[in-house]
Novice: 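First the structure, which I've put down as structure tokens, then a few questions once you've had a look.
The basis for the numbers below is simple: all heavy atoms, side chains too, and nothing from hydrogens, waters or symmetry mates. All ligand and atom numbering here is 1-based and tracks the order in the structure.
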Amino acid sequence: MVHLSSAWLLGGPLGLLLLVPVLMAPTPSSLCTPLKTLNDSLSHRRRYMKHNFPINYTVRVHSEEIFKLSNIRRMRVNRTGLDELTLQRLWFQVNQGILKKLIRVMPDRHPSRRYTAELETRFRDAEGVFVQSHPPEIFQQELPDSVQDIWDRLTEEPDKVPEPSWRYATPKSLMDNFCHTMHCLFSECFATEEQHDYCGASHWRKGRKRKLKPES
Ligand SMILES: *[C@@H]1O[C@H](CO)[C@@H](O)[C@H](O)[C@H]1NC(C)=O
Ligand SMILES: *[C@@H]1O[C@H](CO)[C@@H](O)[C@H](O)[C@H]1NC(C)=O
Ligand SMILES: *[C@@H]1O[C@H](CO)[C@@H](O)[C@H](O)[C@H]1NC(C)=O
């Protein structure tokens with residue numbers, strides 16, 4: 001199978017460098033069904049996460065919750081010993097917090113409330129399958145220090161976080177990151193015959209004019 005060979009190639013440092021852009025964790029195929037359902041929901045994000053909000057409306061998030069393709073790229077290059085599963089766990093942790101924050105700012109009758117609650121349900125379904133499809137020991141392993149630091153900041157009591165550490169982001173931009181990083185980290189579920197590089201920012205800019213500048 002495909003992932004066996006990429007796991008084997010991981011052995012050598014050279015292989016690691018060359019393979020970084022296409023490196024994949026063996027995503028269990030059972031996880032693809034809930035992730036595709038999530039992808040379907042996310043296709044309506046412009047309507048529910050932009051049009052139903054005031055212009056430039058932002059929510060306060062941890063800086064680590066601005067989790068973009070560029071963060072994943074940087075972490076893959078920079079952090080030795082970081083495996084895909086760890087990044088996937090981080091993805092679940094980050095987006096769980098984001099969905100919670102979004103729901104919290106919506107009154108019960110907000111026109112995006114039901115959409116967001118459903119998104120969260122679908123997200124939890126995917127998380128359940130993710131956890132079940134790996135042996136429990138994997139989730140007890142220590143995280144690399146750098147990831148543990150991120151994790152600790154994500155789960156810090158909000159009133160212990162100093163004001164300058166917060167970031168403000170629009171719901172739509174958070175959902176864009178959610179969607180793009182999902183395709184990148186679980187690319188086996190989304191790959192088509194053409195083998196897109198979902199982790200490259202250029203893939204997501206296709207609809208737009210040109211590459212303006214590298215994503216920061
Ligand atoms: C994910 O959603 C997009 C629409 O946002 C759609 O074009 C694409 O086909 C979907 N991918 C899968 C694998 O369902
Ligand atoms: C929204 O933000 C953009 C970019 O920061 C700014 O140019 C625009 O004037 C803002 N619009 C409103 C209505 O505040
Ligand atoms: C590696 O990480 C450090 C600190 O997190 C950062 O300053 C540096 O720019 C990163 N290097 C690359 C190549 O991204």
Side-chain angles (χ1 to χ4, degrees), residues 1-3 6 21-61 63 65-70 72 84 87-88 91-92 94-96 98-99 101-102 105-106 110-112 114-130 133 163-164 166-210 212-216:
M1 273 166 65
V2 181
H3 22 90
S6 46
V22 287
L23 201 65
M24 293 171 184
T27 304
S29 54
S30 55
L31 186 54
C32 291
T33 308
L35 287 179
K36 282 178 184 165
T37 309
L38 202 52
N39 180 59
D40 289 341
S41 293
L42 284 166
S43 65
H44 304 293
R45 65 188 184 277
R46 175 170 293 277
R47 172 169 168 204
Y48 289 105
M49 291 294 169
K50 182 169 179 146
H51 297 169
N52 285 349
F53 285 96
I55 291 170
N56 292 351
Y57 176 81
T58 57
V59 282
R60 192 179 75 164
V61 296
S63 56
E65 283 171 331
I66 302 190
F67 186 66
K68 304 199 261 194
L69 294 174
S70 52
I72 292 178
E84 287 294 286
L87 284 171
Q88 293 173 344
W91 181 86
F92 277 108
V94 163
N95 288 296
Q96 172 207 305
I98 289 174
L99 287 171
K101 288 184 175 67
L102 286 173
V105 297
M106 292 178 202
H110 188 280
S112 296
R114 264 187 53 190
Y115 169 81
T116 315
E118 185 185 86
L119 199 61
E120 195 193 29
T121 305
R122 293 179 164 191
F123 177 78
R124 295 221 171 267
D125 289 346
E127 191 177 29
V129 174
F130 176 70
S133 55
E163 189 56 34
W166 292 105
R167 294 290 176 275
Y168 292 83
T170 64
K172 169 71 166 40
S173 72
L174 293 168
M175 289 300 105
D176 286 348
N177 294 339
F178 182 156
C179 183
H180 299 172
T181 51
M182 174 176 77
H183 282 78
C184 169
L185 291 175
F186 303 93
S187 56
E188 280 162 278
C189 298
F190 297 101
T192 56
E193 301 101 49
E194 297 153 60
Q195 277 296 331
H196 295 300
D197 173 19
Y198 292 110
C199 298
S202 58
H203 171 75
W204 298 100
R205 293 216 185 93
K206 242 179 1 194
R208 302 202 201 154
K209 284 280 157 60
R210 274 200 183 219
L212 295 172
K213 54 180 174 187
E215 197 189 357
S216 57

Novice: Might you work through the salt bridge (charged side-chain N to carboxylate O under 4.0 Å, His left out) test for K36 and D40, ending with a clear yes or no?
Specialist: CA-CA 6 Å; K36 282 178 184 165; D40 289 341; over 6 Å; no

Novice: Tell me if a side-chain donor or acceptor on R167 pairs with a main-chain N or O of P164 at a distance below 3.5 Å.
Specialist: yes

Novice: F123 vs W91 aromatic rings, parallel, tilted or perpendicular, using cut-offs 30° and 60°?
Specialist: tilted

Novice: Would H110 and Y48 satisfy ring pair (Phe, Tyr, Trp, His ring centres under 6.0 Å), going step by step from the backbone distance to the final call?
Specialist: CA-CA 10 Å; H110 188 280; Y48 289 105; 9.5 Å; no

Novice: Can you see which heavy atom on Y115 is nearest to which on L42, and at what distance?
Specialist: OH-CA, 3.7 Å

Novice: Got a sec, which pairs hit salt bridge (Lys or Arg N to Asp or Glu O under 4.0 Å) with one end in residues 115-130, sequence neighbours left out?
Specialist: E118-R122, E120-R124, R124-E127

Novice: What residues come within 4.0 Å of ligand 1, counting heavy atoms only?
Specialist: K36, N39, S43, F190

Novice: Which of the atoms of ligand 2 are close to N56, meaning less than 4.0 Å from one of its heavy atoms?
Specialist: 1 (C), 2 (O), 3 (C), 8 (C), 10 (C), 11 (N), 12 (C), 14 (O)

